[in-house]
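Letters go in sequence order (proteins before strands), and every chain restarts at 1.
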Amino acid sequence: MHAELSIDEQVDLIGRGTAEIISKEELLRKLEMAREQARPLRVKLGLDPTAPDIHLGLAVVLRKLRQFQDLGHQVIVIIGDFTAMIGDPTGTSKTRPQLSEEQIGLNAKTYEEQYCKILDPSKTSTVFNSEWLGKMCFSDVINLTAKTTVARVLERDDFADRFDRRVPISLHEMLYPVCQGYDSVHLEADIEMGGTDQKFNILAGRDLQRAHGQQPQVALLMPLLVGLDGSEKMSKSLGNYVGIYEPPNEMYAKLMSIPDELMSTYFKLATDVPLDEIRKLEVKLADGDLHPKTVKQRLAREIVSIYHDQTAAASAEAKFDKVHRDRQLPEDLPDVHIPSTTLADGKIWLAHLITHAGFADSTSEARRLVQQGGVRLDNERITDSSLEIDLSSGSVLQVGKRRFARLIIQ
RNA sequence: GGGGAGAUACCAAAGCGGUCAAACGGGGCAGACUGUAAAUCUGUUGGCUAUGCCUUCGGAGGUUCGAAUCCUUCUCUCCCCA
């Protein structure tokens, strides 16, 4: 696809949106070598074997990998089933629940299904690092760890931070960078991709490769996409993410809720809008020539179009406006079935209705929602939490601003 | 191996015998204002058809009319020394 690009153009293309490349010169040399020898580069990405739900944050990295594939290179996805025993100490790490072999296999399959949406399957291979790490014996481990010093590992931010705050660090956690680094040795990786939080681990790979007489891999770090809340990085556990398999409407609505300051980052990292066009948008925003909402709608459309298509994006926009600008009910309300057995004399206690619909975890919470004026039935606000509702099939329950359900009595 | 400190709700952190379902703050949720943005303001944040009742303060026992608070023991963590 881009195979005809000059090496400099390739470096430019690859450089877009990256946070850091270690080093650009090495990247250039690798690209040249690949062209001269007609050998695709081996670009590595490590993934957790936890239940996948690929979101825009990971997509930033995957989309970059796709560029490599379009340039003719090979992507190797490592499912870190062995390293999962440790759990990446990056960020707030808690001891992970041990995953069964079947579970890991299942998750890996789901990954493959999901990243197909972005990667070219014919240029992607998937491997498990238990294949080699699991076969090492204790003396192998000692030989490997002898190549790294404690100070070196402790200088890593997460460890230094935890050490300072007196948060426990288990000995085995310090092996994590070593394991990941050894993956690169085993695969003879030319390039390793990751978020900026992976910098240390990826650099560890370079050290180990050198120690094994290999050319060190190039570290290609992408910025961590900030999540919908505007402060934390996008992650599944924080719930501030947009999954690439979410339906268009969800995706669109979620994107509309990001803080304004994030828009240009999202444009750069999550869309294919050319950089100079993004710059123009920024200027118009700053001058007040464009309303932020208009720009955000463009952003939402762009992203929805990538994972669905333009028609879907347009219809998502129409629906969004209908509900939020015109304050009308959405047309495709999810149905919630209320078994008639839960009704007494055709009535149901409002609080129970809300929990039945899945809009509250407990009746206490449901009562609170009602008392705070967050609940509407057929567009009429109800504030009496003790109310028994005389329900007719087809009533619409609304909780908060974004949760709707059409009630079906069965 | 020796000495010291600690474990409290989503997080963080007070409370050190009754007034504790547990302060303050962060986060979350709801409302107001908006562009379902941010900021701000208000309320709320264990459960239960509920002016009351039930279960929570690392685990298990005990003292007491009464325990998050006192005692015993177990588990885990941090710090200092070796």
Side-chain angles (χ1 to χ4, degrees), chain A residues 91-95 159 161-171 173 226-233 235-242 249-267 281-282 285-286 288-301 303 316-330 342-345 347-377 380-389 397-404:
Chain A
T92 43
S93 74
K94 283 180 182 146
T95 3
F159 285 137
D161 183 57
R162 278 164 70 186
F163 198 73
D164 282 348
R165 289 186 303 134
R166 295 171 182 177
V167 177
I169 301 170
S170 296
L171 196 53
E173 292 184 79
V226 176
L228 301 174
D229 58 348
S231 52
E232 303 288 335
K233 74 166 179 179
S235 80
K236 196 181 166 192
S237 52
L238 290 171
N240 60 356
Y241 71 102
V242 181
N249 297 349
E250 299 278 315
M251 230 182 212
Y252 189 94
K254 279 188 177 183
L255 288 164
M256 286 304 287
S257 78
I258 63 166
D260 291 356
E261 304 77 64
L262 245 52
M263 288 197 288
S264 94
T265 313
Y266 271 51
F267 265 113
L281 287 173
E282 286 170 351
L285 267 176
D289 289 344
L290 273 176
H291 191 282
K293 193 192 172 196
T294 321
V295 178
K296 206 177 281 178
Q297 287 188 304
R298 161 90 190 272
L299 173 69
R301 275 200 313 273
I303 295 178
E317 180 161 301
K319 281 175 187 154
F320 180 85
D321 276 341
K322 186 178 177 195
V323 175
H324 300 293
R325 188 189 59 201
D326 309 333
R327 308 245 167 207
Q328 292 178 29
L329 287 175
T342 53
L343 302 180
D345 292 338
K347 291 184 172 184
I348 183 168
W349 185 32
L350 182 56
H352 279 163
L353 177 63
I354 294 166
T355 50
H356 265 294
F359 292 159
D361 290 334
S362 64
T363 48
S364 299
E365 190 186 335
R367 289 163 63 106
R368 263 178 247 130
L369 284 166
V370 175
Q371 281 156 11
Q372 294 182 124
V375 175
R376 286 164 184 269
L377 190 69
E380 224 168 288
R381 177 169 292 173
I382 303 177
T383 47
D384 179 3
S385 63
S386 62
L387 211 62
E388 299 276 341
I389 303 291
L397 177 70
Q398 180 181 359
V399 172
K401 284 191 186 105
R402 55 195 85 178
R403 285 172 288 176
F404 301 88

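- Residue whose closest nucleotide on RNA chain B sits further toward the 5' end, between A/Val375 and A/Pro168: A/Val375.
- Only the P atoms considered, B/G17 is 11 Å distant from B/C71, to the nearest whole Å.
- Heavy atoms of A/Pro292 sit under 4.0 angstrom from at least one base atom.
- Straight-line distance from the CZ atom of A/Arg367 to the P atom of B/A30: 19 Å, rounded to whole Å.
- Across B/A7 and B/G59, the matching P atoms stand 13 Å from one another, rounded to whole Å.
- One finds no side-chain N or O of A/Thr294 lying less than 4.0 angstrom from the OP1 or OP2 phosphate oxygen of B/G35.
- Look at B/U49: it lacks any Watson-Crick or wobble partner with both distances under 3.5 angstrom.
- Here, B/C16 and B/U69 have their C1' atoms 5 Å apart, quoted to the whole Å.
- For B/U55, the base adopts the anti conformation, since its glycosidic angle falls more than 90 degrees from zero.
- Here the side chain of A/Pro259 is nearest to one of B/U34, B/U77, B/A38, namely B/A38.
- The phosphate of B/G47 (OP1 or OP2) has a side-chain N or O of A/Ser362 nearer than 4.0 angstrom.
- Contacts of A/Ala351 with the nucleic acid, taken as non-hydrogen atoms under 4.0 Å apart, are absent.
- Between B/U49 and A/His352, a contact under 4.0 Å exists linking OP1 or OP2 to a side-chain N or O.
- Pairing partner, B/A32: B/U40, with both Watson-Crick or wobble hydrogen-bond distances short of 3.5 Å.
- Place A/Ala253 and A/Asp229 on RNA chain B by their nearest nucleotides, and A/Asp229 ends up nearer the 5' end.
- The side chain of A/Trp349 lies closest to B/U49, out of B/A32, B/A30, B/U49.
- Using Watson-Crick or G-U wobble geometry with both donor-acceptor distances under 3.5 Å, B/U77 finds its partner in B/A5.
- Note on A/Ser364: a base of the nucleic acid sits closer than 4.0 angstrom, heavy atoms only.
- Partner assigned to B/U55 is none, using Watson-Crick or G-U wobble distances below 3.5 angstrom.
- Taking atom C1' in both B/U77 and B/C70, the straight-line distance is 24 Å, to the nearest Å.
- Of the listed nucleotides (B/G35, B/G31, B/U44), B/U44 has the atom at the smallest distance from the side chain of A/Arg368.
- When the P atom is used for both B/A22 and B/G4, the distance is 37 Å, rounded to whole Å.
- Side-chain N/O atoms of A/Lys293 include one lying less than 4.0 angstrom from OP1 or OP2 on B/U36.
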Check the pair A/Met256, A/Lys293 against side chain to side chain contact (heavy atoms under 4.5 Å, CB included), reporting the backbone distance first and the verdict last.
CA-CA 8 Å; A/Met256 286 304 287; A/Lys293 193 192 172 196; 3.9 Å; yes
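- If you check every strand for non-hydrogen atoms under 4.0 Å, A/Arg402 touches a base.
- Contact of A/Gln372 with B/G31 (side chain to base): no donor-acceptor pair of N or O atoms is detected under 3.5 Å.
- Between the C1' atoms of B/C57 and B/G15, the separation comes to 10 Å (whole Å).
- Across B/G47 and B/U56, the matching P atoms stand 15 Å from one another, rounded to whole Å.
- Going from the P atom of B/G26 to that of B/U34 covers 25 Å, rounded to whole Å.
- Pair check for B/A68 finds none; no Watson-Crick or G-U wobble contact set falls under 3.5 Å.
- Nearest nucleotide to the side chain of A/Thr363, out of B/A30, B/C78, B/A50: B/A50.
- Of the candidate nucleotides B/A30, B/U49, B/U45, B/A30 has the atom lying nearest to any side-chain atom of A/Arg403.
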